[in-house]
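Presented below is the structure to which this report refers.
Quick note on labels: first sequence line is chain A, next is B, and so on, each numbered from 1.
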Amino acid sequence: MALPQRKIIHVDCDCFFAAVEMRDQPAWRDIPLAVGGQPDSRGVIATCNYLARRYGVRSAMSSARALHLCPRLLIIPPDFARYKTASQQILAIYQDFTELIEPLSLDEAYLDVSGRPHCQGSASLMAEAIRSRIRDEIGITASAGIAPNKFLAKVASDWNKPDGQFVIRPEDVDAFVRALPVGKIPGVGAVTASRLHALGVRHCEDVRGWELAELVRHFGRFGERLHALARGIDPRPVSIERLRKSISVEETYAVDLPDLDACLAKLPELLERLAHRLERAGQPAFRGLSVKLKFADFSQTTVEQAGQQLSRDTLAALLQVGHARGAQPVRLLGVGVRLAADETEPRQLALFHGDEQTG
Amino acid sequence: MLILQAERDALLKPLLAVTGIVERRHTLPILSNVLIEKKDGAVGFLATDLEIQITTASAETLPGESFRLTTSAKKLQDILRAIPGNSTVSLEQQDNRLTLKAGKSRFNLQTLPAEDFPLLSVNGTPEATFSLPQKELKRLISQVQYSMAVQDIRYYLNGLLMQTDDNQVRLVATDGHRLAFAAAEIDTSLPKAEVILPRKTIIELYKLLQDSDEPITIEVLANQVRFTFGSTVIISKVVDGKFPDYNRVIPLDNDKLFLIDRLTFLHALQRAAILANEKFRGVRLVLKPGSLSILCTNSEQEEAEEELEIDYGGGELEIGFNINYLLDVLTNLPAETLQLAFGDANRSTLVTIPDYSQFKYIVMPMRI
């Protein structure tokens, strides 16, 4: 492809919610701190500081389990208003460098700085400048990855985390990708990674030994993407169409779920992860719920219904309808919400207590 | 061969009673037909969609032969409606054709064999049987039916819960945002039983119930319910599912309460609703000692405000609702005075009739 070489920066704030809290409450800098739900109310950890991570505390872990790992852990409820303010201030810093910004969440964004005049056109220096301004003006730290595409920039931002950055120059792409473990590829979860391992594929170099057709046969449409990513190719543009239309979580199961009951049994776990994702996205207003199923034969179906609450009953009913369409074992389940066009849309509350998962 | 001769209305009235459930398009063509049967005197009409079956008979005995045939319900209904009211109608049957004559009009209709018509059979013996005046059941249904869900994926909400317990029968409907409860005492002592009646059954039943003291008998069977009143019988399948426990959502500690004249409140809301947002239908109620304000704003930032004087001395509260949920209950209750009991802006509000425990309406607020 004769596309001009791009310069993409992926900026990822370090333990963002916890960082904002530690900034405003300096006494919390030296103790294990987590932002999340209370352990008595089936809460989960949204994020935690690096001290807490030393004890094994992780995002999306149940608060009860986190406290078990680290009994001194201080868990505080999230204050999204302050996180949103900080996020908007960070966005304003990005805008001094480029117009091409794709926010992924409150604490993460892609920036396309190709051809920008700042710092003599050096993307590395621009990343340094952005991180230093976030430190000085917001009072928190961020890490950055600089690379010719979104995939590599995202991998790179994780390389020297926290408070660091990493550059993958166009001439280094090939060597870097060859040595990259497949588990580091965004979209390769535990199940896909273990299936790749079973095929003897550990690094992207190993992926290159597989024909495209073979990869598609094993991994469906994702096989196509694997084939490209293993060669360091990711043509996705930084999209300023920043309005996300939906938020969802899904899980591919190591063993297909044999029947409807087995699918329903997985629902609480997915619902919890979705609630967590919504929390990270700043509790956006939504207007619909959806359930996605991929069957053993790779056919897939999605069922949707209007709704403004994460209702377990509604998701169970959607799952039932979707499952009936395939009537065969299920390899993947997903649950999601369709976001409201306008954050200020009125929100009808649900009647059945316990039906409503988020406030 | 002439099989029947009758006044138009003697046929049209019973026909209309059964055709409400006939589906326009069905995979089984015969289901768009009505089964007409004459044995001895009266003419019987029967229609079904395989979930519900309604049968009824002409009021008077009619001269003519015994016969049994099926023909298009919609076409027969349209023809009978279109001919003059005082016409005498004659039906003739030849092979698989039905000829209807009235005055100088003549219609030749197709028939399908009556023995192919699927009939619902009644399974088992009733778990509970009871009777009450038709107007009493009609009143009960009118108090709750507007709260039934419409095409909700939680299919069990697209219907009405009917519970029997000792000498009480209770009806409950909810769409997940509001819930209506109505109960009545009956003479018989009944076992505890509950069924969910499909939305369509309730709507048809409600249309057919008369404002009369004549009784309707209800038999709750294993997976069916049978209603018998006058010469009409409705057999309906019930919805297989678990209806939510309504007792859990009745608020017990709402302490911001006052009485209000139903029509005064209804008319104020109807005026305010003119400027309610067309899509979200939000209304804000502001409760202060001595007054209730009603505020609506639409997407063009037009505003309506109403203020009502009320006998209220409690704390202040601002709470939002879908205005339709308030209009529904105010429109469908015959009571003069209602009691409103609020908790806070995030909890349910309870609407009741003073000194009457047989009706409850619970509505969740809307955050506006």
Electrostatic pair B:Arg347:B:Asp253 at N-O distance under 4.0 angstrom: yes

A:Gln305, part contacting chain B, at a heavy-atom distance under 4.5 Å: side chain

Toward chain A, the part of B:Asn346 with a non-hydrogen atom under 4.5 Å: both

B:Tyr146 and B:Tyr361 aromatic ring geometry - parallel, tilted or perpendicular at 30°/60° bounds: tilted

Close aromatic pair by centroid cut-off 6.0 Å: A:Phe17 and A:Tyr83: yes

Contacts under 3.5 angstrom, residues 197-204 of chain B side chains, donor-acceptor by atom type, not counting sequence neighbours:
residue  : atom : partner  : partner atom : Å
B:Arg199 : NH1  : B:Ala149 : O            : 3.3
B:Lys200 : NZ   : B:Ile21  : O            : 3.2
B:Lys200 : NZ   : B:Glu23  : OE2          : 2.8
B:Lys200 : NZ   : B:Asp49  : OD2          : 2.6
B:Thr201 : OG1  : B:Ser236 : OG           : 2.8
B:Glu204 : OE2  : B:Lys207 : NZ           : 3.2

Residue pairs, two or more places apart or on separate chains, that pass side chain to side chain donor-acceptor pair (under 3.5 Å) and touch residues 253-264 of chain A: none

Which residues share a ring pair (Phe, Tyr, Trp, His ring centres under 6.0 Å) with B:Phe181, sequence neighbours left out: B:Tyr246

Interface residues of residues 274-287 of chain B facing chain A - heavy atom cut-off under 4.5 Å: B:Lys279, B:Phe280

Residues B:Arg170 and B:Glu194 bridged, charged N to O under 4.0 Å: no

